[in-house]
Visitor: 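This is the structure I have questions about; it appears just below.
Everything quoted here is computed from the prediction, not taken from an experiment.
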Amino acid sequence: MLRIAVPNKGSLSGPAAEMLHEAGYQQRRESKELRIVDPVNEVEFFYLRPRDIAIYVASGQLDIGLTGRDLLIDSGAEAEEILALGFARSTFRYATKPGTVSGLADLAGKTIATSYEGIVAAHLAEHGIDASVVHLDGAVETAIQLGVAQVIADVVETGTSLRNAGLEVAGEPIMQSEAVVIRRTGADADDLKVQQFLRRLQGVLVARTYVMMDYDCRVEQLEKAVALTPGLESPTVSPLHNEGWVAVRAMVPAKEAQRIMDDLYDIGARAILTTAIHACRL
């Protein structure tokens, strides 16, 4: 069986389980379950702490895992990202008191508090910055107020927590993170079970990104209509019973669907419909 690590809690857990369910895999019914077997799909899921997943995958005990890019890099484990999943997006940045740090060079000689020591140490080394890094488990915003550090490095989403602590972001982002699928570095890239798993997740990503659009249009407007809805390879075009009319079907980006419907209507298309895509293979 394919052995897969899944986050057991935190912001990654719910969306990961939802994506796996959409991909057709059985998921646990209770949060206390640490392992389940999906015999139909020949997969065994292990529910682990998100921070530990890269370590387990790198050891070779598990084939692949779902975790955060930030957690993968911070672990320093011999594992690599093979698919970005598009959820749990976040930005990792430095922050400090207003007016203290304007750029990366100003971090030299300072103490930086963070829960992601591996990421920060690597980033500083990459840019040749000599600074001290202090590891804290969560709530790093208070480190400056309590005199533990002059700078913090943490995940920044809205920035509200920083502002409430009297801090502001400093310099360029350290990295952009999101949920990813990982495997052990050097593992067989052509493993058929892994490839099938990735195709299923890619199908979910496409289904979430696109909608199916159907509409009728006059033959003389078909080229303009097709230019608006080119589809992936090309749209499906079928003649209607009424001469001079055709039915068109194509996949279009979900976020652009309303604009495309407006443009189609303006050139004379009618009966314009969109439907959700629940699964697909490209």
Visitor: First locate atom CZ of Arg49, then atom CG of Asn8, and finally report the distance between them rounded to the nearest 0.5 Å.
Guide: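 Separation between the atoms: 8.0 Å.
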Visitor: Could you tell me if Thr229 and Tyr215 have a donor-acceptor pair between their side chains, going purely by distance under 3.5 Å?
Guide: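 Yes, side-chain donor-acceptor contact under 3.5 Å.
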Visitor: Are Leu264 and Val248 close enough that some pair of their side-chain heavy atoms sits under 4.5 Å apart?
Guide: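 When only atoms from C-beta onward are counted, Val248 and Leu264 do not touch, as no gap falls below 4.5 Å.
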Visitor: Starting from the C-alpha separation in whole Å, work towards a yes-or-no answer on side-chain contact (heavy atoms from CB on, under 4.5 Å) for Gln150 and Thr100.
Guide: CA-CA 9 Å; Gln150 295 88 42; Thr100 306; 5.7 Å; no
Visitor: Does Asp130 have more than 12 heavy atoms from other residues, nucleotides or ligands lying within 6.0 Å of its CG?
Guide: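 Result for CG/Asp130: open.
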Visitor: Counting distance only, does the side-chain N/O of Ser13 pair as donor-acceptor with the main-chain N or O of Gly10 below 3.5 Å?
Guide: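 Answer holds: no.
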Visitor: Is Arg35 positioned over the aromatic face of Phe45, cation under 6.0 angstrom from the ring centre and no more than 45 degrees off axis?
Guide: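 No cation-pi geometry.
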Visitor: Indicate yes or no for a side-chain donor-acceptor contact from Asp70 to the backbone of Ser177 under 3.5 Å, with no hydrogens or angles considered.
Guide: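 Not at all, since once roles are kept as given, no pair shorter than 3.5 Å links the two residues.
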Visitor: Applying a strict under-4.5 Å side-chain criterion to I, L, V, M, F, W and Y, I'd like to know whether Val246 and Ile260 cluster together.
Guide: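 Val246 and Ile260: one cluster.
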Visitor: CD of Glu220: more than 12 outside heavy atoms within 6.0 angstrom?
Guide: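 Yes, the 6.0 Å shell around CD holds more than 12 heavy atoms from other groups.
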Visitor: CG/Leu240 to CZ/Arg218 distance, rounded to the nearest 0.5 angstrom?
Guide: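 Between atom CG of Leu240 and atom CZ of Arg218 there are 10.5 Å.
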Visitor: Just by modelled atom types, is the Thr111 backbone N or O under 3.5 Å from a matching donor or acceptor in the Ser132 side chain?
Guide: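 Side chain of Ser132 to backbone of Thr111, a donor-acceptor pair under 3.5 Å: no, none is there.
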Visitor: Please determine if Asp214 and Arg249 form a salt bridge, counting it only when a charged side-chain N lies under 4.0 Å from a carboxylate O.
Guide: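 Salt bridge between Asp214 and Arg249, a charged N being under 4.0 Å from a carboxylate O: yes.
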Visitor: After noting the C-alpha distance and the side-chain angles of Asp263 and Lys224, does the key distance pass the salt bridge (charged side-chain N to carboxylate O under 4.0 Å, His left out) rule?
Guide: CA-CA 10 Å; Asp263 292 343; Lys224 291 182 180 179; over 6 Å; no
Visitor: Within the 4.5 Å heavy-atom criterion, are Leu2 and Glu44 side-chain neighbours or not?
Guide: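 Heavy-atom side-chain distance check fails, nothing below 4.5 Å.
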Visitor: Restricting to non-hydrogen atoms, name the atom on Ile152 and the atom on Glu141 that form the minimum distance, rounded to 0.1 Å.
Guide: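 Result for this residue pair: CD1-CA, 4.0 Å.
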Visitor: Less than 6.0 Å separating the ring centroids of Tyr25 and Phe197?
Guide: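 When the ring centroids of Tyr25 and Phe197 are compared, they turn out to be within the sub-6.0 Å range.
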Visitor: List the steps and the verdict of side-chain contact (heavy atoms from CB on, under 4.5 Å) for Ile73 and Met175.
Guide: CA-CA 10 Å; Ile73 295 173; Met175 67 171 294; 3.7 Å; yes
Visitor: Between Leu85 and Leu205, which heavy-atom pair has the shortest distance, and what is it?
Guide: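 In terms of heavy atoms, the two residues are closest at O-CD2, 3.2 Å.
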Visitor: For atom NZ of Lys97, is the number of surrounding heavy atoms from other residues, nucleotides or ligands below 6.0 Å larger than 12?
Guide: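 Not buried by this count: 12 neighbours or fewer within 6.0 Å.
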Visitor: Is the backbone N or O of Glu117 less than 3.5 Å from a side-chain atom of Asp74, with the two atoms forming a donor-acceptor pair by type?
Guide: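 Checking the backbone N and O of Glu117 against the side chain of Asp74, a donor-acceptor pair under 3.5 Å is found.
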Visitor: Mind checking whether Phe92 and Tyr116 have parallel, tilted or perpendicular rings, split at 30° and 60°?
Guide: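 Aromatic pair Phe92/Tyr116 classed perpendicular.
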Visitor: For Ser102, is there any backbone N or O sitting under 3.5 Å from a side-chain donor or acceptor partner on Asp106?
Guide: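 Indeed, once roles are kept as given, a pair shorter than 3.5 Å links the two residues.
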Visitor: Decide whether Leu12 and Leu201 are clustered together by the hydrophobic rule: side chain heavy atoms of Ile, Leu, Val, Met, Phe, Trp, Tyr closer than 4.5 Å, transitively.
Guide: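 Leu12 clusters together with Leu201.
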Visitor: Does any N or O in the side chain of Asn242 come within less than 3.5 Å of the main-chain N or O of Trp245, such that one atom is a donor and the other an acceptor?
Guide: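 Side chain of Asn242 to backbone of Trp245: no pair is present.
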Visitor: Ignoring hydrogens, what is the shortest heavy-atom contact between Asp63 and Val57? Give both atom names and the distance.
Guide: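 It is O-CG1, 4.1 Å.
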Visitor: Roughly how far, to the nearest 0.5 Å, is the CD atom of Glu168 from the CZ atom of Arg163?
Guide: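 Here the rounded value is 11.0 Å.
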Visitor: Please evaluate residues Glu78 and Arg184 with respect to the criterion salt bridge (charged side-chain N to carboxylate O under 4.0 Å, His left out), reporting the C-alpha separation (whole Å), side-chain torsions for both, the decisive distance (0.1 Å), and the verdict.
Guide: CA-CA 6 Å; Glu78 292 295 317; Arg184 179 174 54 84; over 6 Å; no
Visitor: If you define the side chain from C-beta out and look only at heavy atoms, does anything of Val206 sit under 4.5 Å from Ile277?
Guide: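 When only atoms from C-beta onward are counted, Ile277 and Val206 do not touch, as no gap falls below 4.5 Å.
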Visitor: Determine whether Val252 and Glu256 make a side-chain contact, defined as any pair of heavy atoms from C-beta on separated by less than 4.5 Å.
Guide: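 The answer is no, as the side chains (C-beta and beyond) never meet within the 4.5 Å cut-off.
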Visitor: So, taking the atom named CD1 in Ile174 and the one named NE2 in His123, what distance separates them when rounded to the nearest 0.5 Å?
Guide: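 With rounding to 0.5 Å, CD1 (Ile174) is 5.5 Å from NE2 (His123).
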Visitor: With no hydrogens and no angle check, is any side-chain donor or acceptor of Arg199 less than 3.5 Å from a backbone partner on Arg281?
Guide: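 It does not hold such a pair.
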Visitor: Kindly compute the distance separating NZ (Lys9) from OG (Ser31), expressed to the nearest 0.5 Å.
Guide: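 Atom-to-atom, Lys9:NZ and Ser31:OG are 11.0 Å apart.
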Visitor: State plainly whether one hydrophobic cluster holds both Leu66 and Leu83, where clusters connect Ile, Leu, Val, Met, Phe, Trp and Tyr through side-chain heavy atoms under 4.5 angstrom apart.
Guide: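 Yes: a chain of side-chain contacts under 4.5 Å links Leu66 to Leu83.
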Visitor: Mind listing the closest non-hydrogen atom pair of Leu72 and Ser75 along with its distance?
Guide: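 Here Leu72 and Ser75 meet closest at O-OG, 2.7 Å.
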Visitor: Is there side-chain contact between Ile36 and Phe46, with heavy atoms separated by less than 4.5 Å?
Guide: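 When only atoms from C-beta onward are counted, Phe46 and Ile36 do not touch, as no gap falls below 4.5 Å.
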Visitor: Please report the closest heavy-atom contact between Ser90 and Val155, naming both atoms and the distance.
Guide: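 Minimum heavy-atom separation between Ser90 and Val155: CB-CG1, 3.4 Å.
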Visitor: Salt bridge between Glu80 and Arg183, side-chain N to carboxylate O under 4.0 Å?
Guide: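 Salt bridge flag = yes for Arg183 with Glu80.
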Visitor: Keeping the roles fixed (side chain from Thr96, backbone from Val151), state whether a donor-acceptor pair exists under 3.5 Å.
Guide: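 No, because the side chain of Thr96 does not come within donor-acceptor range (under 3.5 Å) of the backbone of Val151.
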Visitor: Hydrophobic clusters here meaning ILVMFWY residues chained together by side-chain heavy-atom distances under 4.5 Å, can you tell me if Ile4 and Val194 are in one?
Guide: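 Linked within one cluster.
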Visitor: Under a 3.5 Å threshold, yes or no: a donor from one side chain and an acceptor from the other, between Thr91 and Gln176?
Guide: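 Judged by distance alone, the side chains do pair up.
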Visitor: Distance only, no hydrogens: is a donor on one side chain within 3.5 Å (strictly under) of an acceptor on the other, for Tyr47 and Gln27?
Guide: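 A pair is found: one side chain offers a donor N or O, the other an acceptor, under 3.5 Å apart.
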Visitor: Are there over 12 heavy-atom neighbours, none belonging to Leu192, within less than 6.0 Å of that residue's CG?
Guide: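 Count not over threshold, so no.
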Visitor: Val43, Met19: one ILVMFWY side-chain cluster at the under-4.5 Å cut-off?
Guide: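 Same cluster: Val43 reaches Met19 through Ile, Leu, Val, Met, Phe, Trp or Tyr contacts under 4.5 Å.
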Visitor: Determine the minimum heavy-atom distance between Gln26 and Asp38, stating which atoms define it.
Guide: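 The answer is N-OD2, 2.9 Å.
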Visitor: Hey, are the side chains of Leu232 and Tyr210 touching, using non-hydrogen atoms and a 4.5 Å cut-off?
Guide: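 Leu232 vs Tyr210: side chains touch.
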Visitor: For Ile112, which of Ile129, Val134, Leu124, Val140 qualifies under side-chain contact (heavy atoms from CB on, under 4.5 Å)?
Guide: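 Of all the options given, the one that passes is Leu124.
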Visitor: Counting N and O atoms only, with roles assigned by atom type, does the side chain of Arg270 sit under 3.5 Å from a partner on the main chain of Tyr265, one being a donor and the other an acceptor?
Guide: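 Pair found, side chain donor or acceptor close to backbone of Tyr265.
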Visitor: Could you walk me through whether Glu81 and Val181 pass the side-chain contact (heavy atoms from CB on, under 4.5 Å) test, one step at a time?
Guide: CA-CA 6 Å; Glu81 174 183 334; Val181 180; over 6 Å; no
Visitor: Does NE2 in His21 sit with more than 12 non-hydrogen atoms of other residues, nucleotides or ligands closer than 6.0 Å?
Guide: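 Not more than 12 within 6.0 Å, no.
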Visitor: Supply the atom-to-atom distance Leu62 CG to Ile53 CD1, rounded to the nearest 0.5 angstrom.
Guide: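 Those atoms lie 9.0 Å apart.
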Visitor: Under the criterion side-chain contact (heavy atoms from CB on, under 4.5 Å), I'd like the reasoning laid out for Met251 against Met213: C-alpha separation, chi angles, the key distance, then a yes or no.
Guide: CA-CA 6 Å; Met251 290 173 62; Met213 185 170 290; over 6 Å; no
Visitor: Any side-chain heavy-atom pair from Thr209 and Pro253 closer than 4.5 angstrom?
Guide: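 No, every pair of side-chain atoms sits at 4.5 Å or beyond.
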Visitor: Mark yes or no for whether Glu42, through its side chain, and Pro39, through its backbone, hold a donor-acceptor pair below 3.5 Å.
Guide: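 No.
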